[in-house]
Amino acid sequence: MKYRLLVAVPFFTLAAFWLALAVIPASQHPALYGSEIELAKLAAFVGCAAAALRFQRGDYLRTGWLLQAQCYLLILLNDVLFRAGMGLFGDASWAPMAGGATVLVANAGQLVGTVWIARVWRVAGFDLAGSPTVRRAVVAGAVTIALVSAGWLVVTSARAFAHGQTTALVDLFSAVADIGSFALIAPLVLTAVALRGGSLGWTWGLFTASLFGWLLFDATLSFGSLVASNADAVKRVEESARLLACTFGLVAGLAQRMAVRGAVTAEYAGRQAETAA
Amino acid sequence: MTKSKTPAEVVAQGLSSYLGPHMAKSAVKTFATKALGRPPEMLVHADIEPLLRALRPMLRTLLGANEADNVIAHLTKEAAA
């Protein structure tokens, strides 16, 4: 039941966001988007950090969750410090490069962290769900979707950077790291299926949903303006995808924390039962 | 009259809340064969402890060292009861 409530959180948040967009005048939407972006990143950071801190130093998954948490923290800091028009140093000439470097570190860490979490089945020594043919098909599908959703963004941001737009560096680093992360959706989905019915299955399912959110976000950045002429409509979809990605990141971290805490609870219940007997 | 659980079923049931029923059975089968050289249905009560020892690295990876040890301690007690 508690895991089903966690699944509802991102959709509830999204509904609240859309309600706010409907109630608040269009002229104030940019301010709403600004608050939504920073709160979403903060929420994802809290979830991933909560998961990491549930583990002890040396535990395998602690590293994976710490790397996810550092990504959200650094992209949040990038906005606060270096983002043009809103960061403390946003108007400085060196801000785009500093922001690019920050996002590079953030995304590189996030990619490694996703690899870390995605290969848990190999480290733990269990088999992924499905036959080898099904697994290969899922991997091929994930790689294709990754390239389609974020590949064009790599091309456009690389072109923009080549033409002197230093701010495009942030998008370039993000898109390259996202392609790597999206390709890892395959082992994450297969791990979630293998662990279905258990508390850990929720963690992998929700983490995969977070990556799907980022995938949708990149796809909107790549193709949004091609399929819709209304810039505000595109922005709504883009921010909805970001909100889902971040809130699923939050609940995935909380699910991981709850799943691990469940072990202690079971042990405690065992002691209690023994004492009662 | 109810049939009592086999040692493999006790361990698989204990792990299923974390790993899910499918993976719990699969893990018991894999590690019973690897560590003890026997299929789960051939395990006896004395095999529970070595089976849980064999499962420990997997549980450590998924739950962390401290929590994995708690689960193993809990299952050992449950099997002994």
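Note on naming: letters A, B, ... go to the chains in the order of the sequence lines (proteins, then strands), and numbering restarts at 1 for each one.
- Under 4.0 Å is where a charged nitrogen must lie from a carboxylate oxygen, and between B/R60 and B/D69 no such pair does.
- Ring-plane geometry between A/F11 and A/F248 is classed as perpendicular, the angle between the planes exceeding 60 degrees on a 0 to 90 degree scale with a lower cut at 30.
- Checked against the 6.0 Å centroid criterion, the rings of A/W204 and A/F207 do not qualify as a close aromatic pair.
- For B/S17, the part lying under 4.5 angstrom from a heavy atom of chain A is the backbone only.
- Heavy atoms of B/A65 lying under 4.5 Å from chain A belong to its backbone as well as its side chain.
- Contact of A/W121 with chain B is not made at all, since no heavy-atom distance falls under 4.5 Å.
- Ranked by heavy-atom pairs shorter than 4.5 Å toward chain B, the options A/A124, A/G197, A/G58, A/G201 are led by A/A124.
- Side chains of A/C71 and A/L67 form no contact here, defined as non-hydrogen atoms less than 4.5 Å apart.
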